[in-house]
Each structure stands twice: as C-alpha cells, then as structure tokens.
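To start, the structure under review is shown below, and the notes come after it.
One-based numbering, in listed order, for ligands and for the atoms of each.
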Amino acid sequence: MTSNELEATARSLVAPGKGILAADESLGTIEKRFKAINIPSTEDNRRAYREMLFTPAGLSQFISGVILFDETIRQKAADGTPLTEVLRRQGIIPGIKVDKGAKPMAGFPGEKITEGLDGLRARFEEYYKLGARFGKWRAVITIGPNIPTLACLEANAHALARYAALCQEAGLVPIVEPEVLMDGDHTIERCAEVTELTQHLVFEQLYRQRVAFEGMLLKPNMVISGKDCPQQASTQQVAEATIRCLRRTVPPAVPGIVFLSGGQGDVQATKNLDAINRLGPHPWQISFSYGRALQDAALKTWAGDPRKVPAAQKALSHRAKCNSAAQSGKYSDQLEASSD
Ligand code: 13P
C-alpha cells in the first residue's frame, strides 16, 4: 500500500456526510453494556448484537467505517458470512482496535498508560489479511489534582506514535485517539489546557516518528466541562473552545478529525458536532467516531430480543442520520423529532 492509498482510505472514512461507528468494546466493556440490559455476555450474544448493528438497510449512507474488536473481526453472521464481508459488501470499511487497554502507570497513581505494542507488527499483518484497512489505539488522560503529569502525557504520546508508524507500515490508516476524560469536576478551561498540551505532544511524536499526517485521522475528545462541574459550558462554548484547540494543534495535512463521544448523551454529542461544523469551513473534515452516542438507543431497544432487531436498527439509523447531518452543520430539532 502506498501513501496515496493510505490517504485515499483516510479521506473515504471522512467523506462528506459520513462518520465511523465504534463497535470495538473489549470483553469487559461489552459485559458492562450487556449487564445494563440484563443479558449475559456470551460469544453468540455479542455476535448477534454486532450483526444487528452492521445490517440496517442503507447504513452506508451515513457510516463509512466500523471499528471492530479482535473477536468480532473473526466472527461470522448467522448465515455464515464473515462480519467483515457483511460490512465490505455495503461499502463500509472494517477497522480494528489494536491496543490492549489502558493500565495503571507504574509510579504515577491515578494515571494510565496504554499497552499493546509488543508483537504489534505481526498482529497488523494478520488484521490486514482479515480485511481491516484502519486501526485504532486509545490513550486515556485523566484530569485531577496535579494530574496529568508530563511523564504520563509523553509516555502515551510516544506509544500512540509507535502504534501509528506500525499501522501505516502495514497499510492501515491509524486512528490516533488521545482521550482526555470528562470524569471529574474540572472546568472547560482546564479541559482546554490539558487537551491542547496533549495534542501538541502527540503531534510532536507523530512527526518525530515519521508518521504521514495525510494518511491518519485524529480521534480527540471535545473540549467540554467535567461531568461534575457545577458550571456546564453551553454547546456554543464547547464548539468554540474545541475549534480553538484543534486550530492550534492539528496540521491541515491531516484529512480528518473524528470525535469520540466519551460519555456525552447521544443528542448532546450530535448537537455539539453540529455546532462545531457550523463554525466552518475548517481545514479538516470534522466528523464522528461514536460508540455509546450511536449505540445506546439501539442497545436499549434490542435488549437481546431477536424480535426487536428491526426497531433497534431503526434507532441506530436515526442516530447515524442525525450525526451525518451534523457532519455538515445541518442538524435540526425537526430532524431529531422525525421518525426516520
Ligand atoms: P465513545 O464514543 O463511547 O466514547 O467510544 C468511542 C471509542 O471508540 C472510545 O475508544
């Protein structure tokens, strides 16, 4: 794969009106999600759930790619078709989460470092053969008293760049995800300060480690008030602070920025994306790579009942359509209230 092909894949992931469905929950996370709807996290339930998510009619109008978990990239639909093939037939690009999770960082209480670099070159080779054309690695940055430390930010930025270089070498587009968590009572200003520093350090490492900016995507948090902050910033304030930060840190050579939802409500995540795009035009395509904000309504509707698949798929399509509109700053209350 040449750098032109990487750039073409990156650009198709952020094609106008399209975004990414993150369905790469690890075994622990999906178990937590299933517990909330009272179903056991068996391999077959996980397959049935993911098959439901990947097969609403017309999904590819709004969704360019899906991030898969290691188990899912090997699973087959009920009719025996590999799930990657189910996606590819619709023109949806399969992607793969390759990190092995954020673990406590030795010597730095309350902070995390993402693991998974060992053996990654060989894993990428296999994932490419299995059909993945992009990867994802998530770093987790926590805001608290005296944290994050520079040591934690630098270690995570270094690992993100090591991953991104290996990802491009294997012919996959790296999605680089440094997530500053919204847990805590910090203000939006504090989130802005930490997000800006994080992204500066990440791009410095990407540059030093010779990652081609044209063949990658950034998956950041929005600049937003901490969940428990008494003074919650408005949608407009979130949009302005987020764009200010991105303009200071992300080179225009990067084709696209795809936000995580990070615990925002699903409608809130759509409204914020819409407000961000209304501030455009921007030097990059700005879209979504949501997990919870795309899946929550569908998960609750499905609740493990095969008879609820059509209604759950409708719920997912609706959220995908609303976020697609927000990708071009054309989301509205009427669209939200509409039944399609
Ligand atoms: P959320 O949108 O639920 O934050 O998930 C996105 C994701 O892929 C986190 O790594």
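Salt bridge annotation for Glu85-Arg88: present, with a cationic side-chain nitrogen under 4.0 angstrom from a carboxylate oxygen. The pair Arg47-Asp44 meets the salt-bridge criterion, since a charged nitrogen lies less than 4.0 angstrom from a carboxylate oxygen.
Remark: side-chain polar atoms of Asn156 are paired, donor with acceptor, to backbone N or O of Cys152 under 3.5 angstrom. Remark: side-chain polar atoms of Thr270 are paired, donor with acceptor, to backbone N or O of Asp266 under 3.5 angstrom. Between the side chain of Trp284 and the backbone N or O of Val250, at least one donor-acceptor pair lies under 3.5 Å.
Considering Leu87, Ile92, Leu316 in turn, Leu87 is the only one that fulfils the side-chain contact (heavy atoms from CB on, under 4.5 Å) rule with Phe54.
Contact residues for ligand 1 (protein heavy atom closer than 4.0 angstrom to any ligand atom): Ala22, Asp24, Lys136, Arg138, Glu177, Lys219, Leu260, Ser261, Gly262, Ser289, Tyr290, Gly291, Arg292.
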